[in-house]
Each structure stands twice: as structure tokens, then as C-alpha cells.
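For reference, positions follow the sequence shown, starting with 1.
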Amino acid sequence: MSNDANNPELSGARIPGHAAVSDDAGKAAGPAAVSLRPAYHLTVPEQWLNDPQRAIYVNGSFSLYYLYSTTYYLPGEWRRVQSKDCVSFEDKGIAIPLDGDFAAWSGSAVVDTGDTAGFGAGTVIALVTQPTDGDGHRQEQYLWYSHDGGASFEPYGKPVIPNTTASDWFRDPKVAWDAKEGRWIAAIGCKHAVTFYESHNLKDWRELPPFTYEGQSIGGAECPDLFEMRADDGTSHWVLGISAQGTLAGKVNTYAYWTGSWQDGRFLADDPEPQWLDYGWDWYAAVTWEDPDDPGQRYGMGWMNNWDYAARSVPSDASDGFNGMMSLVRQIRLHAHDGRYTLRSRPVDALERYVSDRLEIPDALVRAGDGIDEGIRLPFCARSYRMDACISMKSAQGASIRIGKSADGSRYTEFGVDSQGFYLDRTHTELEHFLFAPHLVTRSPLPPDAVDVRVTVLVDTQSVEVFVNDGECVHSDQVYFQQGDTGVSVHAQSGEACFGAISFSTIAV
């Protein structure tokens, strides 16, 4: 999307600002009783954040930007954080400021190493959607430039890509370099389409044929993503992603993408139907950026929220004075299988540097009669951690793991396998004044011959991210754990299930 931000600058603060909080299972606490600041996810120091902006790599570190404001309802600006490993981030304050009601919405920055724009080699150039004259129906693309490595930007002037059709959906430019053609390409989100432009100097742009997705209705295109990537079979492919309103088609509001190629100035998708990079409810406005050391790998991050309920207060407003967090950074590769190319994800490798206190647990065999068993509670309690396990249904109709479980068993988030594939259910994590309904259960497919399902689970105070079978699919969700919601248990439904290779690790940044 593209919104918000206006607040005094807090420069130099460490994010996240709080380590994990240990507590005793079963303690009752209101939402403001303890800090809800995550242990290893990026959050805003105070106030509100939403869309992440693609990171750039300058002088050995990544600069990542996000939209920042006092609340959802107010205009905003770009705030910058810096990281060397995509796990620990340092707040660097405002990079593109708010000027009255002339807000800075989503866009993208590039490092102009070849001085194509004429500002000097190495200048950081950002294309940003802004509402001309403060009018949200006049969304136009403005250029900003930086001579200090992206720490601060200066405006160039009038829009470089004007809104000639007066559309109220013409936003979030994503700029990519096309090495084969020696040109820049900008992808701009529109209603049920992505509009493309090409340029040789980042100032003068020529419109190309749009990409219109037909078939299943997934709403308008927000925060498009565009990049070329080498697959694991050595071939090179273009990928076009959008943040989509998948609930219109019975799916989720996350990152849909198509693989394809450029022919005669037009993006041609390999398949008209999109694939999905995340099956959870909360991986929106996602961005990816290149790994400077590996052309076959990219990093990715999403905003852990959903516009169906984003514009509201949350428990962390009361406990810590902030609203919004980003997903864990993931590493993304393009895999070839039977002529089809698919993106797979895994948690960023650097996260291992922040892991401690690894606990391995013996395999658990669970038997159930007709219905769901009471489960086996595992000897582990925490609010922020990594869990690895292998789930095998054997004769069961379903097998699941419950995390964030309260002492009385009434509160938990559940994920597992049944006859319909993999699922995540956060129904029992809702709070009275913070409901997720009807966005409660998500599902992703599994191969019909799947016997064992491997999961890597990242739990962090108010979020759950489940990577399934080495990242073939991922479920990213907000959750509302209370202070005593720290237990973990395994369950079977109508039969026998086995849970093996179980381990837990503490994570703190």
C-alpha cells in the first residue's frame, strides 16, 4: 500500500529494543503487563509502521526503509534502518521526510553505479509515489536522490512518471535493471494490472504494455516486485510479484507471483495463474532484494499485517507504544521442477548467530481414539524461539503441534497436517477486543504422496512463521499470545502420529 508517517526522529536506537521475556506458564496477565516487543523481529521504535521498502547494499551494509507515521490515518515518510546481516537492525531516523500533507508512499531505491541519471556514480535514486497537492487521487511517481549512501534524500522536482489517466490506483513503483537491454524498468501497481515503464536515465520514462492478470480475482496490484534471478538449473528468469487481495478468490492477502520473460517489450508469464510466496494472513507489501554475493539468491521481508484489520489499535500500543512489525528476513531461491519454476524460502542463515540453548527432545508417539487426543505436552516453555520437527501422520487422520499454549489449554496456535494438506489455525489466540475472524485458518498444498512433513517454526512474542518442507510453503501470522501462553504440545486425530527430530532454540538479538 502506501501511506503514512509524521513524528520526531529517533536516531541511533537499537531495534528490537527488548530481549525475550521469560515467564511462568499459567500466569495471568493483561496485554500491558509485560513488554510485547519481539526478541528478533524488526519493529518501529514508537508509533506506526507499514510497508517495507526494498533494501539497498552500500559500503558493506544494507539500508532498508519503511513507511512510518503517528497512526494509519496520517500522512507519512520513509524511515531507514541499517543492517550487516539482515537480522540485527539499527534505526537511522527519517530518510525521506514528510512535507505538510505531501506524504511519501511506497516505491523503491536503486544504486546508480553507472551514473545513468547524471547525479554522479553511486548516487542512490528513489522513485516514490506521492499524492500531488495532497490529493490521494493524484498518485504520481517522484524522484529523490541521495549523495550520502541513502541516509538522506533530496527531491528532484516534478513527477517523472505523471498520472495521465487520473487513476486513484497508480502507485508503488519498483525499479529493476535489465542488463540484457541496458535499461531500467519500473513496475507500477494498478487495478487488476501492473503497468510497466522503461528508461535509460531514471528521469524520462516510456510506457510499455501492461501485464493484466485474468482468471481468479485477486484484486488490485499493490507493491509490485520485479527482478531477474538465476534458477538452480542455471537458467535465468524474470519474476513479477504483487501484494494481492487473495481473499476474493478464497486465498490469502499476501505475495502472488508469476515467472516469465520479456518479449517485444511485454512481460509474458509462464502461467496465467499466480503462485504464492506465503500462505499466511500477514505477509503483505513484501519486498525482495539481491544478495550481493550470490546471483541465485535473494532476501525477502513482508509487513506482518493485513489491511482487513491493520487500521486499528493492537496490544503493543498499550504495552510498548508501537504498532506494527516486519517478518523475519528470509532467503529465497528459484527452483526448477518438471518445467515449472517456484520460489522457495528459508530463514536467513545469519539468524543462527543469535541462537542459544538448543534443546533436543525424544520422538513423541501420539495415539488417539475417535476424535482429537489430549496431546502430549513437551518439556519446553518460552515466548521467543525456533522449533524444528518432523510430523508423520502414520495412521492418524490429522497430526498437529500447538504452540503458545496456556496452562489450561484453552489458548494456543495450531499447525499441522490433515487430509487437505498443511494448515495453520490461530482461532484460539484471539483476544476479546482484538479479533482476527474471519481470517483464522490458512492452508497450503502438500504432495499427495507426502509421508513426513518437516517444519521450522519461528515464534516471537506476537508472531508465528512456519516454513514447511524446506520452504516449499510458508505461513506467516500475527498472534496475540498473553504472558502465560508459552506451552507446546503435540496431537493426533483418530489414529497414530509420530513427531520426531524435535528441537528448540532460544533466539535473542
Side-chain angles (χ1 to χ4, degrees), residues 23-26 279-280 347 355 357-429 440-444 446 450-461 463-470 472-477 479 481-482 484-507:
D23 49 46
D24 299 323
Y279 289 84
V355 168
D357 302 325
R358 183 179 176 88
L359 173 66
E360 296 185 359
I361 294 177
D363 294 357
L365 184 64
V366 184
R367 296 183 178 92
D370 296 330
I372 300 176
D373 72 294
E374 295 183 359
I376 296 175
R377 192 161 186 133
L378 302 182
F380 179 84
C381 290
R383 297 173 67 202
S384 297
Y385 56 92
R386 168 175 173 157
M387 177 185 184
D388 290 276
C390 183
I391 304 172
S392 176
M393 283 208 297
K394 292 187 174 293
S395 64
Q397 294 182 11
S400 64
I401 299 174
R402 294 178 181 177
I403 60 173
K405 192 171 182 179
S406 60
D408 65 3
S410 64
R411 292 183 49 79
Y412 56 86
T413 293
E414 182 175 65
F415 55 86
V417 188
D418 62 16
S419 60
Q420 300 179 58
F422 192 87
Y423 70 92
L424 189 149
D425 184 352
R426 62 180 178 183
T427 301
H428 299 282
T429 188
L440 299 172
V441 181
T442 54
R443 290 189 171 275
S444 56
L446 288 172
V451 176
D452 297 328
V453 176
R454 300 176 304 280
V455 294
T456 295
V457 190
L458 283 306
V459 182
D460 196 4
T461 308
S463 66
V464 176
E465 293 161 272
V466 183
F467 293 77
V468 183
N469 285 343
D470 301 320
E472 290 182 359
C473 61
V474 188
H475 292 244
S476 300
D477 285 83
V479 291
F481 293 145
Q482 292 186 296
D485 298 345
T486 59
V488 182
S489 61
V490 293
H491 299 260
Q493 181 176 353
S494 300
E496 185 177 86
C498 183
F499 301 83
I502 305 171
S503 67
F504 294 92
S505 302
T506 302
I507 304 175

Any salt bridge linking D425 with R443? Criterion: basic side-chain nitrogen under 4.0 Å from a carboxylate oxygen. no

Inter-residue atom distance Q420.CD - L446.CG, 0.5 Å rounding: 11.5 Å

Judged by modelled atom types alone, do R358 and S503 share a side-chain donor-acceptor pair under 3.5 Å? yes

Would you call D388-R386 a salt bridge at under 4.0 Å N-O? yes

Would you say that I391 contacts D452 through its side chain, given a criterion of any heavy-atom pair below 4.5 Å between the two side chains? no

Sidechain-backbone polar pair: D357 side chain, T506 backbone, donor-acceptor under 3.5 Å: no

Quick one: closest heavy-atom pair of A368 and A492, and the distance? CB-O, 3.5 Å

Which pair of non-hydrogen atoms, one from G500 and one from D363, has the smallest distance, and what is that distance? CA-OD1, 3.2 Å

As a quick check of understanding, evaluate side chain to side chain contact (heavy atoms under 4.5 Å, CB included) for T486 and F481, giving each step before the final call. CA-CA 8 Å; T486 59; F481 293 145; over 6 Å; no

Contact summary for S410 and H428, nearest pair of heavy atoms: O-CB, 3.7 Å

Under 3.5 Å donor-acceptor, R402 side chain and S489 backbone: no

Heavy-atom distance under 4.5 Å between the side chains of V455 and F415, does that happen here? yes

Straight-line distance of Y279 OH to S476 OG, nearest 0.5 Å: 12.5 Å

Could you tell me the separation between the CD1 atom of I403 and the CZ atom of F504, rounded to the nearest 0.5 Å? 9.5 Å

Student check: side-chain heavy atoms of Y385 and V488 closer than 4.5 Å: yes

Atom pair CE/CG of M387 and L359 - distance to nearest 0.5 Å: 10.5 Å

Just checking F422 against H475, ring centres under 6.0 Å apart? yes

Specify the closest pair of heavy atoms between C498 and L365, including all atoms of both residues, with the distance to one decimal. CB-CD1, 4.2 Å

Going by heavy atoms in the side chains, are V464 and V457 under 4.5 Å from each other? yes

To the nearest 0.5 Å, what is the distance between NE2 (H491) and OG (S400)? 5.5 Å

Are E496 and R367 within salt-bridge range, i.e. N to O under 4.0 Å? yes

Quick one: CE on M393 to OG on S419, what's the gap to the nearest 0.5 Å? 7.5 Å

Beyond-backbone contact of I376 with F499, side-chain heavy atoms, under 4.5 angstrom: no

What closest approach, in Å, do P347 and L458 show between heavy atoms, and which atom pair accounts for it? CG-CD2, 3.7 Å

Quick one: are D418 and Y423 in side-chain contact, heavy atoms under 4.5 Å? yes

Mind listing the closest non-hydrogen atom pair of R377 and K405 along with its distance? NH2-O, 3.5 Å

Side chains of T429 and R411, heavy atoms from C-beta outward: is any pair under 4.5 Å? yes

Hydrogens and angles aside, do D485 and S406 bring a side-chain donor and acceptor to less than 3.5 Å of each other? no

Side-chain heavy atoms of D477 within contact of V466, under 4.5 Å: no

